Each structure stands twice: as C-alpha cells, then as structure tokens.
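The structure presented is a predicted model; accordingly, all values stated were derived computationally and were not measured.
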Amino acid sequence: MQVFNLREIITMALDEMKQQGAAAKQLKIYRSTGFGNALRFFNCSGVTDVSVDMLDDYLNKMHLDYLSGNYSEWKWRAVRRGKELLVNYAINGSIELKPLSPWNHNLGRAKQSVIYDKPLKSQLDEPLNLFTIVWKIRKLLAEAGYTESSIKHYTSEGLTVILRKHYEAGLQTYSKSLTDEIVRDKRVDYEKGKTSRQSYQNLRKAALFIDSFVKNGAIDLTKAPSWNKRKLSGIFKKQLNTFCTVMIKEYRLKPNSVNTLASAIRNFLFGLESMDIFRFEKLDQLTVSRCITLLTPKYPCGAGGLLYAVRLFLSYLYESGITSSNLSKALPKAFAVKKTFHEPFSAEELKLLLSAPDRKTSIGSRDYAMMLLASKTGLRACDIVSLKREDIDWRNNQINIVQQKTGVAVSLPLPVDAGNAIAEYLLKYRPESSSPHIFLCKSRTVRLFASNSASAMVTRYMKLTGLYDPSKRRGFHSLRRSFGTALLDNEIPMELIQQLLGQTQMNSMKPYLSVNEKGLKQCALSLAGTFVKEAAI
C-alpha cells in the first residue's frame with residue numbers, strides 16, 4: 001500500500017498549481033479548505049503519513065458531516081475536489097483533474113460510469129454485481145464487432161436504464177424480476193406511443209444480454225424472440241419440428257421457405273388449440289374445415305399460403321401414420337389469389353438511386369454493386385446475396401448459378417459496368433474474410449448479407465433520394481422488375497425474357513405485361529365507330 005506524507009504532498013501540489021498560473025483565489029480555497037481540511041482532520045489524530053484508502057475513509061466521514069448539516073454544499077464540493085486532486089498528484093504527479101462524476105448520496109461514493117470507470121474490487125468480488133456485469137457486457141459487444149454507435153444505444157437506452165432502476169430500488173445485484181418489470185413497463189409505453197420502437201428494442205435486447213451473461217457468462221447475439229410469443233403444446237410442437245426437418249432433408253426446401261410454411265401451420269395448430277383440440281387423433285375433416293374458416297379472416301390478402309402449408313402438413317401426418325385419413329381433402333381446392341405487385345423504377349429514378357451510395361466506403365461500394373447487378377441482370381435478392389466468387393466467369397463475363405427459389409441453373413451475361421463495380425468492391429473495400437460469398441455485412445461480425453437486409457438497403461437509399469413511397473410497394477425486387485420491364489419495352493420476346501429472369505412458368509410474366517403501357521395501347525380497340533352508330537340510331 002502506497003503511503004505518502006500529507007503535508008509534503010499538499011505543499012508540492014500547491015507549488016505546481018502556482019507554477020501553472022492558478023489564480024490566487026483558487027490557491028486560497030485549496031490551501032484553507034480543499035487541502036487544509038484534510039490536514040486538520042489527520043493532525044487531530046496525530047497522523048502525518050496517509051494512504052489512498054485512508055483518504056477515502058476521510059471523504060466518507062466528511063460526506064456524513066455534510067448530510068448532517070455540519071458542512072455547506074460549497075465546502076463539501078471543495079473538500080471532495082481537494083481530496084481527489086491530492087490522490088491524483090500523489091499517484092500520477094499531475095494536478096490535471098477531469099470533472100468529477102456526481103456523488104451518489106445513497107451509496108456514499110461518486111456515481112460510476114460504465115463508459116469511463118472500472119468496477120471497484122468489491123464489485124468484482126460480488127458475483128452478481130450489476131455494474132460489473134454491464135461493464136463486462138460492453139467489452140463483449142466491442143469484441144463481437146458491434147460499432148461504437150450500436151454500443152452507445154444499447155448502453156444509454158438499455159444497460160444504464162436497468163442499472164439506474166436497480167440503484168433506485170436499493171439493489172446492487174441483478175434482479176431478473178425487476179428487469180422483467182422494467183421491460184414490461186417499456187413495452188406498455190411503446191404500445192401507447194410514448195416511446196419509439198427502437199428505444200424499446202434496445203432496452204429489451206440489453207435485458208437479454210444481461211440475462212444470458214448471468215446464466216452462461218456470455219451474451220446471446222441472436223435475434224430477440226417475438227414478444228410474448230405463444231408456444232404450442234408438446235405433441236403439436238414436436239410434429240411441427242419433425243415436419244420442418246423432413247421438408248429440408250427430403251424435399252430439399254430452403255430454411256426460409258420452411259420457416260414460412262411453419263408460420264402458417266403454427267397458426268393452424270393454434271386454431272385447433274382454441275377449439276380445445278390438443279391431439280391429432282381427434283382431428284376430422286369437419287374440424288379442419290371449421291378451423292380454416294376461423295383463420296381465413298386473418299388473411300385479408302388471400303389465404304393461399306395458409307392452405308398450401310396446411311395441405312402439406314396434413315398430407316405429411318397421413319403419410320407418417322399419425323392420422324388415419326388424409327385430412328388435406330377437407331381443404332378447398334380453389335381460393336382467391338392476391339399477387340403482390342412491385343412497381344419498377346423508371347430510368348431516371350434508377351439513375352438517381354444508383355448515385356446515392358458513397359462508393360468510396362465499404363458499405364457504399366457493396367450497395368452500389370448489388371443494386372447495379374440487380375438492375376442489369378434481374379437476379380433476385382436471395383441469389384445476389386448468395387453469390388460466390390466461383391459463380392463468376394470473369395474471362396467470359398458470365399454468371400453461372402443455381403437459383404435458390406426454383407432450383408434451376410441459369411447462365412447470364414455479366415455487363416461490364418456491373419462486373420467493374422463487383423471487382424472494385426472485391427479489390428478495395430470487401431472486409432477480409434475466408435467466406436466464399438462476395439457480398440458481406442460488417443455491422444457486427446463479418447457475415448453473409450441477408451435477403452431482407454437487401455430490401456431494407458434499397459428502402460434506405462429511396463428515402464435518401466426522395467423516391468420512397470409506401471403505396472408503390474417498391475424494394476429490392478423492383479430492380480428485377482425494372483430489368484424485365486426494360487426488356488419488354490425494347491420488344492424482346494417473352495420467351496427470352498422468361499429465360500433471362502429464370503422464370504419457370506409463363507404466368508409469372510403477367511405482371512410485366514400489365515405495366516407495358518405502350519403494348520396495351522396497341523391492343524386497345526377504337527370506339528369511334530361505336531359512337532357513330534349510336535348517333536345514327
């Protein structure tokens with residue numbers, strides 16, 4: 001333990017302050033109050049040499065005197081600053097002292113900042129000390145590759161909020177019940193419109209970070225589960241999971257497609273539970289029909305996806321011997337189909353959109369290459385984000401892939417400008433990674449870019465350029481629609497357009513025909529003769 005002579009340190013500190021041009025009034029305050037009070041306190045006990053711990057005890061006693069009304073607030077601040085300056089000078093030989101954190105009167109010490117201060121030894125020794133937990137979580141987020149901005153939001157809107165609420169409740173250690181209550185209150189404020197969704201999500205995610213760290217000593221970086229997500233009963237959950245596994249292994253469906261099916265089937269099973277049916281043995285065609293009738297109002301845009309998923313699931317139950325009859329026959333064969341129409345970009349809009357990314361940055365270079373490639377080839381978002389180095393034949397300027405949606409292999413010409421944009425990203429801006437995929441995300445850890453993130457990326461640039469209009473339902477797929485529409489406007493045969501777009505059915509080309517205004521005008525019948533005949537009559 002380092003010990004120093006108090007009077008000598010005070011003399012040396014005052015001399016240093018004088019040499020650096022401290023005002024006479026400031027020197028007087030430190031000599032008589034800031035330093036002088038400490039000197040008088042220890043002289044009364046006959047103590048000449050002191051340590052940092054002894055000065056800490058001294059300050060705590062001065063704080064109690066202040067709370068008892070023996071000191072004014074001005075004197076308390078001068079005493080506290082004098083003590084901190086003495087410690088800083090004794091340890092570091094410097095009188096430079098940053099602004100002090102506000103004093104926590106309940107804890108009898110300065111308020112700690114998880115950003116600037118390390119935990120005290122007593123806090124590190126306490127297994128569930130919340131300050132230590134929050135401090136460690138911030139370090140883990142940085143190690144995981146989170147940006148400073150993301151860590152700042154999780155800290156200010158989540159971690160420190162939970163920490164402050166614990167202090168207000170007189171708690172130093174983590175309480176799951178209190179944390180859950182904090183999140184529930186925030187959820188109520190969000191549902192009432194009193195706080196933003198982002199602020200609520202930051203708090204909820206911070207609570208999950210703390211909970212996973214307490215349980216496992218690590219933080220869970222996966223997506224937060226849906227709020228109060230309803231859970232299926234045991235047998236229903238088990239069979240749905242088995243069904244999903246079968247669809248991926250035997251039918252070779254993509255996980256995203258299976259997740260879409262599972263969501264619709266889950267709603268169907270919840271419907272059965274609401275009818276007090278929890279076992280497949282109790283199912284019959286009438287029950288299935290009634291359940292579907294109850295669910296269809298929840299699908300105002302069409303129940304085709306629901307019926308398709310439930311039909312597959314009921315067929316699986318029959319083929320697996322779980323049900324004695326094929327209950328999929330209870331589902332209607334015909335249903336109203338509602339197609340989502342993605343309006344394309346005009347040539348001027350596309351030019352404006354492609355000028356938005358900052359191509360001198362990693363993200364801007366990547367986004368420009370992805371959007372340009374989509375507009376020049378018509379590739380879907382899922383195929384572009386999954387594009388690998390080996391898929392590009394640079395010598396022949398060609399892209400060779402197997403489409404994720406259809407499973408059909410296609411070979412497309414790679415336009416020069418799109419190829420140059422990809423090459424520039426690969427050579428200058430792509431993060432270092434062993435991943436074979438071309439386009440990578442680096443918001444946290446370097447990883448594969450997601451399809452839904454691609455659509456969000458286009459939306460961000462539309463808002464930046466003033467092109468955003470929710471009524472037009474435009475996103476990444478609109479780049480593909482723009483490519484197909486441009487081909488149609490140039491009178492390219494439908495069969496060739498179908499091949500270039502990788503469409504397996506000609507019906508998929510109908511949306512392109514509906515926007516071909518020039519072609520529709522040529523098909524219109526003249527009404528001039530009709531008006532002449534009516535006039536004659």
Side-chain angles (χ1 to χ4, degrees), residues 1-136 139 167 172-173:
M1 181 185 299
Q2 184 178 359
V3 177
F4 47 86
N5 185 276
L6 183 59
R7 185 178 293 275
E8 290 180 359
I9 288 295
I10 290 176
T11 302
M12 294 168 63
L14 287 171
D15 289 343
E16 183 70 20
M17 294 174 67
K18 187 175 181 180
Q19 290 178 14
Q20 294 193 17
K25 183 178 180 180
Q26 184 182 22
L27 291 171
K28 180 180 178 181
I29 292 173
Y30 275 101
R31 185 183 296 109
S32 62
T33 306
F35 300 154
N37 193 79
L39 189 60
R40 291 189 293 272
F41 175 85
F42 286 104
N43 281 344
C44 290
S45 304
V47 177
T48 57
D49 296 335
V50 297
S51 65
V52 174
D53 290 341
M54 293 170 66
L55 286 172
D56 287 339
D57 292 338
Y58 151 74
L59 189 62
N60 285 330
K61 291 177 180 178
M62 294 303 102
H63 177 245
L64 292 175
D65 285 344
Y66 164 67
L67 293 179
S68 302
N70 298 329
Y71 287 141
S72 66
E73 184 176 356
W74 174 87
K75 185 174 181 180
W76 155 247
R77 289 181 179 180
V79 166
R80 183 189 170 202
R81 188 164 182 82
K83 175 263 179 184
E84 297 294 348
L85 196 149
L86 281 177
V87 171
N88 190 47
Y89 186 78
I91 296 176
N92 305 315
S94 172
I95 60 170
E96 297 295 331
L97 193 63
K98 66 181 181 179
L100 300 179
S101 302
W103 190 266
N104 190 323
H105 295 290
N106 293 328
L107 300 178
R109 64 168 183 255
K111 291 183 179 179
Q112 290 175 289
S113 168
V114 292
I115 301 175
Y116 303 110
D117 301 324
K118 294 181 179 180
L120 303 174
K121 184 180 183 305
S122 59
Q123 293 172 319
L124 289 170
D125 293 339
E126 196 172 6
L128 294 180
N129 182 272
L130 189 56
F131 182 89
T132 303
I133 292 172
V134 170
W135 181 76
K136 289 182 177 180
K139 294 184 65 176
Y167 285 166
Q172 299 293 306
T173 56

Between side-chain atoms of residues 38-47 and protein atoms elsewhere (two or more places apart, or another chain), which donor-acceptor pairs fall under 3.5 Å?
from	atom 1	to	atom 2	distance (Å)
R40	NH1	S32	O	3.2
R40	NH2	S32	O	3.1
N43	ND2	L39	O	3.2

If you look only at distance, which donor and acceptor atoms sit under 3.5 Å apart when one is on a side chain in residues 17-25 and the other is two or more places apart or in another chain?
from	atom 1	to	atom 2	distance (Å)
Q20	NE2	E16	OE2	2.8

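With hydrogens and angles left out, the side-chain atoms of Y58 and D53 include no donor and acceptor closer than 3.5 Å.
The ring pair (Phe, Tyr, Trp, His ring centres under 6.0 Å) analysis of residues 13-32, with sequence neighbours excluded, yields the pairs Y30-F35. Screening residues 119-132 for salt bridge (charged side-chain N to carboxylate O under 4.0 Å, His left out), with sequence neighbours left out, gives K121-D125. Each ring pair (Phe, Tyr, Trp, His ring centres under 6.0 Å) pair with one or both residues in residues 83-102, not counting sequence neighbours, would appear here, but there are none. Applying the salt bridge (charged side-chain N to carboxylate O under 4.0 Å, His left out) test to every pair with at least one member in residues 56-75, sequence neighbours left out, gives these pairs: D56-K83, E73-R77.
Between atom OG of residue S51 and atom CZ of residue F4 there is a gap of 7.5 Å, rounded to the nearest 0.5 Å. Here CH2 of W76 is found 9.0 Å from CE of M62. Values are rounded to the nearest 0.5 Å. One finds the NE2 atom of H63 at 4.0 Å from the CG atom of L67 (value rounded to the nearest 0.5 Å). Going from atom CD1 of I9 over to atom CG of D49 covers 10.0 Å, rounded to the nearest 0.5 Å.
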Criterion side chain to side chain contact (heavy atoms under 4.5 Å, CB included) on Y71 and N37, from CA distance to verdict: CA-CA 12 Å; Y71 287 141; N37 193 79; 3.6 Å; yes
May I have the step-by-step check of side chain to side chain contact (heavy atoms under 4.5 Å, CB included) for V87 and N92, ending in yes or no? CA-CA 8 Å; V87 171; N92 305 315; over 6 Å; no
Chi angles and distances behind the side chain to side chain contact (heavy atoms under 4.5 Å, CB included) call for L124, N129: CA-CA 7 Å; L124 289 170; N129 182 272; over 6 Å; no
Go through it in stages, so that I can follow the logic: the residues are I10 and L86, the test is side chain to side chain contact (heavy atoms under 4.5 Å, CB included), and I'd like the CA-CA distance, side-chain angles, deciding distance and then a yes or no. CA-CA 7 Å; I10 290 176; L86 281 177; 3.8 Å; yes
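Remark: T48 engages N5 in a side-chain contact (heavy atoms from CB on, under 4.5 Å) (not counting sequence neighbours). Every residue two or more places apart in sequence or in another chain that forms a side-chain contact (heavy atoms from CB on, under 4.5 Å) with R31 is listed here: L14, L27. Partners of S68 under the side-chain contact (heavy atoms from CB on, under 4.5 Å) rule, at least two apart in sequence or in another chain, are N70. Not counting sequence neighbours, the partners of K118 by the side-chain contact (heavy atoms from CB on, under 4.5 Å) test are W135. Here T33 pairs with nothing under the side-chain hydrogen bond (donor to acceptor under 3.5 Å, both in side chains) rule; sequence neighbours left out.
When all heavy atoms of N88 and S94 are compared, the pair lying nearest together is ND2-O, 3.1 Å. For I95 against A13, the heavy-atom pair with the smallest separation is CG2-O, 4.2 Å. Between R80 and L59, the closest heavy-atom pair is CA-CD1, 3.6 Å.
Side-chain contact check for T132 versus L120: every heavy-atom pair is 4.5 Å or farther apart.
Counting only distance, with no hydrogens or angles, the side chain of T173 and the backbone of L128 share no donor-acceptor pair below 3.5 Å.
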